[in-house]
> 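Pasting a structure here, questions to come.
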Amino acid sequence: METPVIVAIDGPSGTGKSSTSKAVAAKLGLSYLDTGAQYRAMTWWMLSNGIDVDNAAEVATAADKPTIVSGTDPSAPTITVDGTDAAGPIRTQEVTAAVSAVSAVPEVRARLVELQRSAAAAAPNGIVVEGRDIGTTVLPDATVKIFLTASAQARAARRNGELNGKEAADLAATQAALVKRDAADSGRKTSPLAKADDAIEVDTTDLTLDQVIECIVTLIEEKRAAR
Ligand SMILES: Nc1ncnc2c1ncn2[C@@H]1O[C@H](COP(=O)(O)OP(=O)(O)O)[C@@H](O)[C@H]1O
Ligand SMILES: Nc1ccn([C@@H]2O[C@H](COP(=O)(O)OP(=O)(O)O)[C@@H](O)[C@H]2O)c(=O)n1
């Protein structure tokens, strides 16, 4: 049997990590893990349980309490917290605004990195794992490492496009929130958002989603053929 292929896809918000990773995994018959959803799930649990997310010591003490389980089928990814479906609640503005503070706490990262490595080790054909520190920290021996980028304007426009008029979307406010989260994620001490030295950078600003998917599938197939 072929050695499982491990694909790390990192980058800031709105660069296309989730949509690309799911599609690439589905095309190649690989599992899929959204590590951002796990940090969001941890944050949702903290907020729901009255933890002060700006108090790192309090967050650290609580970090081992929730049971977070990710389903890794790319056509139907799932996430539960203590057995409850968390897919909806982890996407609220409240969670988005608090997630960078929670994910900066080393105890939170240690706990989730362990889950992420177990998921990768358990994937029968291999896995696409997306996040901020997959290539640098979680899976430094990944077969292929991709770092997605896009202009802040393009990323904000994509995020606003998702709202479908459900919320009055102010592009400037969306962009400011993205840039603030990028700065927090890139500036933290433990495992910041960063491109691994051996990651391939793909600027998606002027590419369609299909072009990005095609580009990454080709890179993975080239790597597979070469080993
Ligand atoms: N290359 C692209 N061109 C245009 N829109 C894109 C592209 N890649 C992703 N999108 C859209 O942008 C939004 C954010 O993509 P997503 O995959 O959630 O990014 P991330 O996981 O990096 O935050 C989604 O609505 C997605 O459909
Ligand atoms: N590997 C990861 C993945 C996400 N995160 C944190 O989780 C947050 C949410 O990640 P996400 O991928 O769901 O964010 P979006 O790009 O979907 O907005 C990020 O802003 C980081 O603070 C992280 O610290 N490390």
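In listed order, ligands and their atoms are each counted from 1.
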> Starting from atom 20 (O) of ligand 2, what is the nearest protein heavy atom, named by residue and atom, and what distance separates them?
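Ranked first by proximity to atom 20 (O) of ligand 2 is Asp185 OD2, 2.6 Å.
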> Identify the closest protein heavy atom to atom 3 (C) of ligand 2: which residue and atom is it, and at what distance?
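Answer for atom 3 (C) of ligand 2: Thr35 OG1, 3.3 Å.
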> Which protein heavy atom lies closest to atom 12 (O) of ligand 2, and at what distance to 0.1 Å?
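Ranking protein heavy atoms by distance from atom 12 (O) of ligand 2, first comes Arg132 NH1, 3.1 Å.
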> Would one find more than 12 heavy atoms of other residues, nucleotides or ligands at under 6.0 Å from atom NZ of Lys195?
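Atom NZ in Lys195 is packed in, count exceeds 12.
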> Are the side chains of Thr20 and Ile216 in touch, meaning some heavy atoms are under 4.5 Å apart?
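They are in contact (side-chain heavy atoms under 4.5 Å apart), so the answer is yes.
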> Is it true that, when you exclude Glu201 itself, more than 12 heavy atoms of the residues, nucleotides or ligands shown sit nearer than 6.0 Å to its CD?
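Yes, the 6.0 Å shell around CD holds more than 12 heavy atoms from other groups.
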> Quick one: which ligand 2 atoms are inside 4.0 Å of a heavy atom on Val99?
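So the atoms of ligand 2 that pass are 7 (O), 8 (C).
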> Regarding ligand 2, does Glu130 bring an N or O atom to under 3.5 Å of one of the ligand's N or O atoms?
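By distance alone, the answer is no.
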> Just let me know how Leu209 lines up against ligand 1, side chain, backbone, both or neither, with a heavy-atom cut-off below 4.0 Å.
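Answer for Leu209: both.
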> May I ask whether Ala154 has any heavy atom positioned less than 4.0 angstrom from an atom of ligand 1?
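Contact absent.
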> Below 4.0 angstrom from a heavy atom of Ser13, which ligand 1 atoms are there? Numbered from 1 as shown, please.
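Counting atoms of ligand 1 from 1, those under 4.0 Å from Ser13 are 23 (O).
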> Based purely on interatomic distance, does Arg109 place a nitrogen or oxygen under 3.5 Å from a nitrogen or oxygen of ligand 2?
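For ligand 2, there is an N or O atom that lies under 3.5 Å from one belonging to Arg109.
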> Among protein heavy atoms, which sits nearest to atom 5 (N) of ligand 2, and what does the distance come to when rounded to 0.1 Å?
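Answer for atom 5 (N) of ligand 2: Tyr39 CD1, 3.6 Å.
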> Of the protein's non-hydrogen atoms, which lies at the shortest distance from atom 12 (O) of ligand 1, and what is that distance?
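For atom 12 (O) of ligand 1, the nearest protein heavy atom comes out as Arg158 CB, 3.2 Å.
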> For residues Thr96 and Arg40, determine if any side-chain heavy atom of one lies less than 4.5 Å from a side-chain heavy atom of the other.
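The answer is yes; the side chains approach within 4.5 Å.
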> Answer yes or no: is there a donor N or O on one side and an acceptor on the other, between the side chain of Arg155 and the main chain of Gln175, under 3.5 Å?
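Absent.
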> Checking contacts here: is it the side chain or the backbone of Leu148 that comes within 4.0 Å of ligand 1, counting heavy atoms only? Could be both or neither.
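Looking at Leu148 and ligand 1, no heavy atom falls under 4.0 Å.
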> With a cutoff of 4.0 Å, is Lys17 in contact with ligand 2, counting heavy atoms of the residue only?
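It does, in that a heavy atom of Lys17 comes within the 4.0 Å cut-off of ligand 2.
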> Please say whether Val212 places an N or O atom under 3.5 Å from an N or O atom belonging to ligand 1.
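There is no such contact.
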> Is the closest heavy atom of Arg159 to ligand 1 under 4.0 Å?
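Heavy atoms of Arg159 do come under 4.0 Å of ligand 1.
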> Note the single closest protein heavy atom to atom 21 (O) of ligand 1, along with its residue, its atom name and the distance in Å.
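Here the closest protein heavy atom is Ser18 N, 2.8 Å.
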> Can you tell me which residue among Asn55, Thr61, Asp54 is in a side-chain contact (heavy atoms from CB on, under 4.5 Å) with Glu58?
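Going through Asn55, Thr61, Asp54 one by one, the side-chain contact (heavy atoms from CB on, under 4.5 Å) with Glu58 is satisfied by Asn55 alone.
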> For Glu130 and Thr35, test the side chains for any donor-to-acceptor distance below 3.5 angstrom and give the result as yes or no.
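Result is no, nothing qualifies.
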> With a cutoff of 4.0 Å, is Gly11 in contact with ligand 1, counting heavy atoms of the residue only?
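Outside the 4.0 Å threshold, so no.
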> Looking only at N/O atoms, are Asp34 and ligand 2 under 3.5 Å apart anywhere?
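No - when backbone and side-chain N and O of Asp34 are compared with those of ligand 2, no distance drops under 3.5 Å.
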> Does a side chain donor of either Arg132 or Tyr39 reach within less than 3.5 Å of an acceptor in the other side chain?
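No - no donor-acceptor pair under 3.5 Å links their side chains.
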> Pairing donors with acceptors under 3.5 angstrom, does anything connect the side chains of Thr143 and Arg224?
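Not at all, the side chains of Thr143 and Arg224 share no donor-acceptor pair under 3.5 Å.
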> Just heavy atoms, cut-off under 4.0 Å: does Gln38 contact ligand 2 by side chain, backbone, both, or neither?
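Contact part for Gln38 vs ligand 2: neither.
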> Do Asp133 and Arg109 sit within salt-bridge range, that is, some charged N less than 4.0 Å from a carboxylate O?
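Salt bridge: yes.
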> Which part of Pro12 is near ligand 1, with near meaning a heavy atom under 4.0 Å away: side chain, backbone, both or neither?
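Just the backbone.
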> Could you identify the single nearest non-hydrogen protein atom to atom 13 (O) of ligand 2 and state the distance to 0.1 Å?
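Its nearest protein heavy-atom neighbour is Arg40 NE, 2.7 Å.
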> Is it true that Gln116 lies under 4.0 Å from ligand 2, counting heavy atoms only?
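Distance cut 4.0 Å: Gln116 fails for ligand 2.
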> List the closest protein heavy-atom neighbour of atom 17 (O) of ligand 2: residue, atom name, distance to the nearest 0.1 Å.
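So the nearest neighbour among protein heavy atoms is Arg159 NH2, 3.2 Å.
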> Surrounding CG of Asp197 (heavy atoms of other residues, nucleotides or ligands, distance under 6.0 Å), is the total greater than 12?
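No, the 6.0 Å shell around CG holds no more than 12 heavy atoms from other groups.
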> Regarding Asp210 and Thr208, is there a side-chain donor-to-acceptor distance under 3.5 Å anywhere?
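No, Thr208 and Asp210 have no side-chain donor paired with an acceptor closer than 3.5 Å.
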> Can you check whether Val24 reaches Val7 side chain to side chain, under 4.5 Å on heavy atoms?
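No; the side chains remain at least 4.5 Å from each other.
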> Would you mind finding which of Lys17, Gln211, Glu162 brings a heavy atom closest to atom 24 (C) of ligand 1?
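Among Lys17, Gln211, Glu162, the closest heavy atom to atom 24 (C) of ligand 1 comes from Glu162.
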> State whether a side-chain donor-acceptor pair under 3.5 Å links Thr204 with Thr15.
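There is no such pair (donor and acceptor under 3.5 Å, judged by atom type) between the side chains of Thr204 and Thr15.
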> Should you measure from each heavy atom of Ser19, which atoms of ligand 1 turn up under 4.0 Å away?
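Matching atoms, with element in brackets: 9 (C), 15 (O), 16 (P), 17 (O), 26 (C).
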> Counting only heavy atoms from other residues, nucleotides and ligands, does the tally under 6.0 Å from CD of Glu94 exceed 12?
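Atom CD in Glu94 is not crowded, with 12 or fewer foreign heavy atoms closer than 6.0 Å.
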> Within the 4.0 Å heavy-atom shell around Ser103, which atoms of ligand 2 are there?
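It comes down to these atoms of ligand 2: 6 (C), 21 (C), 22 (O), 24 (O).
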> Compute the minimum heavy-atom distance from Gly161 to ligand 1 and say whether it is under 4.0 Å.
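Judged by the 4.0 Å heavy-atom criterion, Gly161 does not count as contacting ligand 1.
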> Which heavy atom of the protein is the closest neighbour of atom 3 (N) of ligand 1, given with residue, atom name and distance?
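Nearest protein contact, heavy atoms only, for atom 3 (N) of ligand 1 is Leu207 O, 3.4 Å.
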> Between Thr80 and Asp85, is any side-chain donor less than 3.5 angstrom from a side-chain acceptor?
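No, no side-chain donor-acceptor contact under 3.5 Å.
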> Which atoms of ligand 1 are found less than 4.0 Å from any heavy atom of Gly16?
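Taking each heavy atom of Gly16 in turn, ligand 1 has 8 (N), 9 (C), 15 (O), 16 (P), 17 (O), 19 (O), 20 (P), 22 (O) under 4.0 Å.
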> Of the choices Thr190, Thr15, Val113, Asp133, which has the non-hydrogen atom that lies closest to atom 1 (N) of ligand 2?
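That would be Asp133.
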> Are Thr205 and Asp203 close enough that a side-chain donor and a side-chain acceptor fall under 3.5 Å?
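Yes, side-chain donor-acceptor contact under 3.5 Å.
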